[in-house]
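What follows is one structure encoded as structure tokens, with my remarks underneath.
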Amino acid sequence: MKAAVYRGPKDIKVEEVPEPKVSARKVLVKFKAGSICGTDLHFYRGDWKIKAGRIIGHDACGVRADTGERVVMIPLTYCGSCYFCQRGMPTSCERYGQFMGINRNGFFAESIAIRPKYLVPVPENVCDEEAAIVEPVALALHVMDLLKPNVGDWATIIGQGPIGLLMTQVAKLKGCRVIAVDLEDYRLELSAAYGAEFCVNAGREDVVKRVKEITERGSDVVVEAAGKTRAVEQTPRMVRNGGRVALVGEFKGRMNFEDADEACFFTTYLSPVEYPMAVHLIAKKLVDVKGLITHRFRLRDFEKALQAADNVVEKPIKVVVTK
Ligand SMILES: [Zn+2]
Ligand SMILES: [Zn+2]
């Protein structure tokens with residue numbers, strides 16, 4: 001079968017690989033559609049390294065070969081019975097906490113053998129393309145649930161890529177007033193369409209000053225979804241006293257907490273727990289993922305898909321790959 005295989009930086013190509021083996025515990029899922037994530041681009045650009053020969057991809061849907069049911073695949077593996085799993089933190093699973101498409105084979109392949117516990121059924125009114133963009137929705141739900149904003153709170157979302165744009169949508173669902181921050185106007189236009197009250201171009205404006213002006217005493221909650229050290233470093237100066245900050249895109253930086261009295265900072269990752277709700281919100285049209293799609297390719301043209309996702313001139317947001 002064909003799969004997108006990582007060989008090294010700028011070297012991710014579609015190759016012929018052996019068919020996956022179905023065991024008593026695993027079922028075969030035939031690939032329908034998937035989307036390229038910022039993580040895949042980090043591998044492509046050479047920022048992050050993974051094992052050569054790894055099949056990449058961690059956001060995709062397919063069809064179960066045994067039942068014919070359409071399913072979304074959860075990329076995290078967890079045991080359910082270790083210290084962290086029993087405390088509701090499967091992402092930190094001590095037994096086999098791994099991430100498909102990163103430290104085990106992922107979804108950009110014609111088929112995959114996977115345990116049914118990692119499969120979420122897709123309702124009929126959710127199309128394949130929509131079911132290919134569930135991971136950032138699940139992440140946005142996870143982050144906003146941890147931030148626990150109150151109705152009417154200011155939520156400043158730094159970075160309006162796919163994750164940031166979904167944070168903007170979920171923050172609106174939580175009743176927040178959103179300040180969207182990005183360097184690209186074409187992304188901020190979408191933020192406004194999704195209900196952001198203020199859109200700040202960090203290339204032209206002093207973001208910290210602007211957030212302080214808008215909110216008077218600082219943002220109640222702040223999300224770093226730009227993946228930039230500089231954005232991490234700005235968060236203590238944007239949050240109000242006693243507010244909350246989630247670091248999602250980047251965890252490094254030199255932070256000064258002088259202006260962030262009693263504020264709470266935390267890092268956060270994806271969790272499998274929110275997947276069913278993510279699919280449900282897409283089905284109910286409460287979260288829009290279709291509007292994020294800027295490019296479409298076939299799996300056999302995977303390299304072209306990566307190139308488009310990596311080329312700012314093409315104004316990419318979400319690049320979808322179908323069978
Ligand atoms: Zn991802
Ligand atoms: Zn575990």
Side-chain angles (χ1 to χ4, degrees), residues 38 42 47 136 139-140 142-268 291-292 312-313 315-317:
H42 282 302
D47 308 331
L139 179 63
H142 187 63
V143 171
M144 293 312 297
D145 284 350
L146 288 172
L147 284 169
K148 296 192 196 75
N150 291 317
V151 172
D153 270 358
W154 285 111
T156 301
I157 321 279
I158 312 170
Q160 294 290 301
I163 291 172
L165 285 164
L166 285 159
M167 296 276 177
T168 293
Q169 293 189 43
V170 175
K172 289 297 294 178
L173 286 177
K174 290 265 187 191
C176 294
R177 289 177 288 169
V178 174
I179 302 170
V181 181
D182 203 276
L183 291 165
E184 300 289 342
D185 286 331
Y186 79 91
R187 293 178 178 221
L188 290 169
E189 278 162 28
L190 261 180
S191 320
Y194 288 131
E197 226 163 287
F198 291 91
C199 297
V200 182
N201 186 314
R204 291 197 300 266
E205 290 186 80
D206 178 339
V207 185
V208 173
K209 200 171 141 235
R210 193 76 189 97
V211 168
K212 281 274 167 70
E213 272 169 17
I214 295 166
T215 61
E216 290 176 43
R217 49 189 71 84
S219 191
D220 300 282
V221 299
V222 177
V223 179
E224 195 292 313
K228 297 268 178 358
T229 305
R230 186 174 146 71
V232 171
E233 291 172 346
Q234 285 174 331
T235 58
R237 295 162 57 215
M238 282 183 199
V239 68
R240 69 152 162 83
N241 288 0
R244 279 180 295 275
V245 177
L247 304 178
V248 182
E250 174 62 78
F251 307 146
K252 289 192 291 287
R254 288 173 172 273
M255 288 156 87
N256 180 343
F257 295 109
E258 269 179 332
D259 299 325
D261 283 349
E262 297 191 77
C264 162
F265 291 74
F266 56 90
T267 61
T268 178
L292 304 178
V312 200
V313 178
K315 299 185 174 180
I317 295 178

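Just so you know, these numbers come straight off a predicted model, no measurement behind them. We number each residue from 1, following the sequence as shown.
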List for me each residue that meets ring pair (Phe, Tyr, Trp, His ring centres under 6.0 Å) alongside F266, sequence neighbours excluded, and say none if there are none.
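Partners of F266 under the ring pair (Phe, Tyr, Trp, His ring centres under 6.0 Å) test: none.
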Excluding sequence neighbours, so at least two apart, what forms ring pair (Phe, Tyr, Trp, His ring centres under 6.0 Å) with Y194?
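By the ring pair (Phe, Tyr, Trp, His ring centres under 6.0 Å) rule, Y194 matches no residue at all.
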Qualifying residues under salt bridge (charged side-chain N to carboxylate O under 4.0 Å, His left out), relative to E205, sequence neighbours excluded:
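Applying salt bridge (charged side-chain N to carboxylate O under 4.0 Å, His left out) to E205 gives R210.
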What pairs with K252 under salt bridge (charged side-chain N to carboxylate O under 4.0 Å, His left out), at least two apart in sequence or on another chain?
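K252 satisfies salt bridge (charged side-chain N to carboxylate O under 4.0 Å, His left out) with E250 only.
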Just by modelled atom types, is the [Y] backbone N or O under 3.5 Å from a matching donor or acceptor in the [X] side chain?
X: R244; Y: L147; result: yes
X: E224; Y: G227; result: yes
X: D153; Y: C176; result: no
X: S191; Y: A196; result: no
X: S219; Y: W154; result: yes

N241: what forms a side-chain contact (heavy atoms from CB on, under 4.5 Å) with it, not counting sequence neighbours?
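Partners of N241 by the side-chain contact (heavy atoms from CB on, under 4.5 Å) criterion, ordered by chain and then number, come out as D261.
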Hey, mind stepping through T156 and I214 against side-chain contact (heavy atoms from CB on, under 4.5 Å) and telling me if it holds?
CA-CA 11 Å; T156 301; I214 295 166; over 6 Å; no
Closest non-hydrogen atom pair, [X] against [Y]:
X: K212; Y: R237; answer: NZ-O, 3.0 Å
X: G164; Y: I157; answer: O-CG2, 3.8 Å
X: A225; Y: I163; answer: CB-CG2, 4.3 Å

Any side chain to side chain donor-acceptor pair (under 3.5 Å) pairs touching residues 166-190, not counting sequence neighbours?
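Qualifying pairs, neighbours excluded: D145-K174, Q160-T168, D185-N201, D185-R204.
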Heavy-atom side-chain contact between M167 and V143 under 4.5 Å
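Yes. Closest side-chain heavy atoms under 4.5 Å.
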Is there a side-chain contact between L166 and L292, using heavy atoms and a 4.5 Å cut-off?
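Side-chain contact under 4.5 Å: yes.
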E258, CD atom: more than 12 neighbouring heavy atoms under 6.0 Å
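Atom CD in E258 is not crowded, with 12 or fewer foreign heavy atoms closer than 6.0 Å.
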